[in-house]
Amino acid sequence: MQQSETILSLESIQMRFGGLVVLDGIDLAVARAELVGLIGPNGAGKSTLFNVMTAIYAPTRGKVRFLGRDVTGVAPHKICRLGIARTFQLVRTFLTMTARENVMVGAVYGAGSRAGNAAQAADEALDLVGLSARRDMPTRHMTLSDRRLLEIARGVASQPALLLLDEPMAGLNPTEIRQMVDVIRRTRQERGIAILWVEHKVDAIMKVCDRVVVLDHGVKIADATPAEVVANRKVIEAYLGEPAA
Amino acid sequence: MRASMSIWAVIAAALALLPFWPGAIDSYAFSFLFFVFIYAILSQAWNLIAGFGGQISLGNHAFFGLGAYATAILWSGNYLWGSLYESHPRIYYFDPVTMAIAGLVAALAAALVGWPLLSKLRGDYFALGTLGFGEIVKVLFVNGGDFTGGAFGIVAPSSTFDTLLPHYWTGLGLTVAVIIAIGLLMRSRYGLALIAVRDDEMAASANGIDTLKVKIAAFAGSAFISGVAGSLYTYYIFHVGPDSVFDLDWMLLPLMMTVVGGTGTLMGPVVGAFVMYAVFDLARIVVPDYHPVVSGLAIILAMLFLPKGLARIGFGLPGLVRRG
Ligand SMILES: Nc1ncnc2c1ncn2[C@@H]1O[C@H](COP(=O)(O)OP(=O)(O)O)[C@@H](O)[C@H]1O
Ligand SMILES: [Mg+2]
């Protein structure tokens, strides 16, 4: 991990909405093909951090660097074309399209758009998440689980170097969760895509990730291997202290 | 899909041959169909930005009027053809260059107002902004002095025509051309982006789509088509005045026709234009005093019983209903 190339680095990111400081001095690095978990109690600022990385918000302070470039505040579609794909906590698929058309959007307009053969990229991405059989199904008829998988496929089809997943397991049943873990693992292994994975279900993160980052009230309180993080006193307090506070 | 398209091709061919039917040219049906073509073109234009693009434009009548004025001004001022005009006095009549410029003037105006209005994520800015734009343009033309002919407007130099035949064929040809162009467009990568923007703008931009560019292009395309329809109307009406060509009806009727026919479908606007224009015209003839009531009722009934429109046919991407 130490020797591999850093593709994303956040430098003392601060995000403030009016008087509310939601992110405070966040430093974070992700290496090529690394699988990093990002956890923290509700309202810790995880989704906001994603929105800063994908330029939905411009941070009030700090820099986002990706593949050696300063991409702070660059337009969201350009961020995608540079190689950062994402999913949303509240799933955002194109509901009047079929599954394959959804994935084609990523393939045609994403980072891989110049590499040609969008159709092949789309079909491979559908295959990776196991939706090939439902490729012609209208998205509005799909289950939540399939829509979450579809969002991942759309991101993969854009051929990113980094994929941001915002609670891909929320609302899924145990079978679907197992399937999702498998897809995330294979996305990294078979495609070499680095993944930053926000999840509420901490146990899944701990089992699969190379490294886990913990946010609490907009501050990074841990950034280490899963084994180190579960033993971290601050982390235990943030989680166990939550109901009492 | 293929089967339904060949049905449309047969209908278009039959309409093209209709003038050869004895007496057809002088029949009422002939001028009726000419107006159906104008409304079908305008409905296609509105459907492009609102049905496929999800951006409700309430200013499309302004583009119709701009196209009509551009044609009348180019023609009466002889800005294009110089001395050729003397040797060929009918040179402006259905002149493709004049009609294309009419469309381009409208498209340029759309790009200029679309830029600020479409930068906002919220659609109501666009709807109200375009409505305001329509009013502003009308006032500008009323106060445009000699160039626009003020409140009276402009009368195009040639003030008679022997037959509606060129109007009919041009109208039919443009309707078919617009359908084919939009059909191809919606199958292209641009069409994919437009639907993506309509369905979820944030997801579209997160997947590499320059949403502002896509929306402005759709708006400019919609304006271009409306402007060409305005140009066609000038060749029929000759007198282009602010109260006639900037009338809100040039936006409202195509809007209703599209909604009744099927928003976000390829053939819906055409079916809607035909059906609604027939209803309006019939009401105008049969119950002249009550025709707004009858027409209004027809619209309400259509919305109640056909919420997805009359036409759900002939389009590759399935289920293109209004945005959820
Ligand atoms: N646009 C916004 N305006 C004001 N406050 C916001 C905005 N977006 C997020 N927040 C606040 O930021 C905090 C962190 O939210 P979020 O990033 O969604 O947390 P998480 O994803 O970790 O649950 C919350 O208190 C939320 O209310
Ligand atoms: Mg969140």
Side-chain angles (χ1 to χ4, degrees), chain A residues 50-51 53-56 74-114 118-119 122 136-141 147 150-151 153-160 163-164 166, chain B residues 1 47-48 50-55 115 118-122 185-218 262-266 268 307-309 311-312 315-324:
Chain A
F50 275 14
N51 289 340
M53 289 182 218
T54 54
I56 288 173
V74 161
H77 68 273
K78 288 190 181 147
I79 297 272
C80 170
R81 289 178 191 178
L82 288 170
I84 303 181
R86 69 169 293 177
T87 68
F88 294 88
Q89 186 171 349
L90 298 170
V91 196
R92 287 177 175 271
T93 47
F94 306 121
L95 288 175
T96 67
M97 295 185 187
T98 63
R100 188 163 185 279
E101 285 162 351
N102 263 273
V103 178
M104 276 301 281
V105 172
V108 168
Y109 287 95
S113 58
R114 279 165 305 257
D136 295 321
M137 187 187 257
T139 311
R140 65 183 185 284
H141 293 158
R147 284 185 207 181
L150 183 61
E151 249 195 322
R154 191 176 62 191
V156 168
S158 77
Q159 305 188 32
L163 177 60
L164 310 176
D166 199 347
Chain B
M1 160 74 212
N47 189 45
L48 176 61
F52 290 126
Q55 314 298 318
W115 200 329
L118 290 166
S119 307
K120 306 269 188 211
L121 212 57
R122 283 175 48 193
L185 189 78
M186 294 315 294
R187 285 159 180 279
S188 71
R189 50 176 275 153
Y190 174 79
L192 189 68
L194 191 58
I195 298 296
V197 168
R198 173 189 71 181
D199 282 4
D200 193 319
E201 204 166 329
M202 194 181 269
S205 63
N207 282 282
I209 293 172
D210 186 343
T211 58
L212 180 60
K213 208 164 95 184
V214 167
K215 289 188 288 183
I216 291 176
T263 316
T265 65
L266 185 58
K308 287 181 179 178
R312 307 302 307 162
F315 199 70
L317 298 167
L320 292 174
V321 204
R322 282 147 291 182
R323 77 149 127 209

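Every chain is numbered from 1 and lettered A, B, ... according to where its sequence line falls, protein lines coming before strand lines. Heavy-atom basis, side chains included; hydrogens, waters and symmetry copies ignored.
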Item checked: Contact listing (chain B partner; residues 76-84 of chain A; heavy atom under 4.5 Å) -> Pro76(A), His77(A), Cys80(A), Arg81(A)
Notebook entry, point to check: In Å and rounded to the nearest 0.5 Å, what is the CG to CD1 distance from Leu95(A) to Ile195(B)?
Noted result: 12.5 Å
Could you list the donor-acceptor pairs under 3.5 angstrom formed by side chains in residues 203-210 of chain B, with sequence neighbours left out?
residue   : atom : partner   : partner atom : Å
Ser205(B) : OG   : Met202(B) : O            : 3.2
Asn207(B) : ND2  : Ala203(B) : O            : 2.8

Check: When rounded to the nearest 0.5 angstrom, what is the spacing between CD in Glu201(B) and CZ in Arg92(A)?
Finding: 10.0 Å
Next item on the list: Enter the distance from Asn102(A):CG to Asp200(B):CG here, rounded to the nearest 0.5 Å.
Entry: 9.5 Å
Notebook entry, point to check: In Å, rounded to the nearest 0.5 Å, how long is the span from CZ of Arg189(B) to OH of Tyr109(A)?
Noted result: 4.5 Å
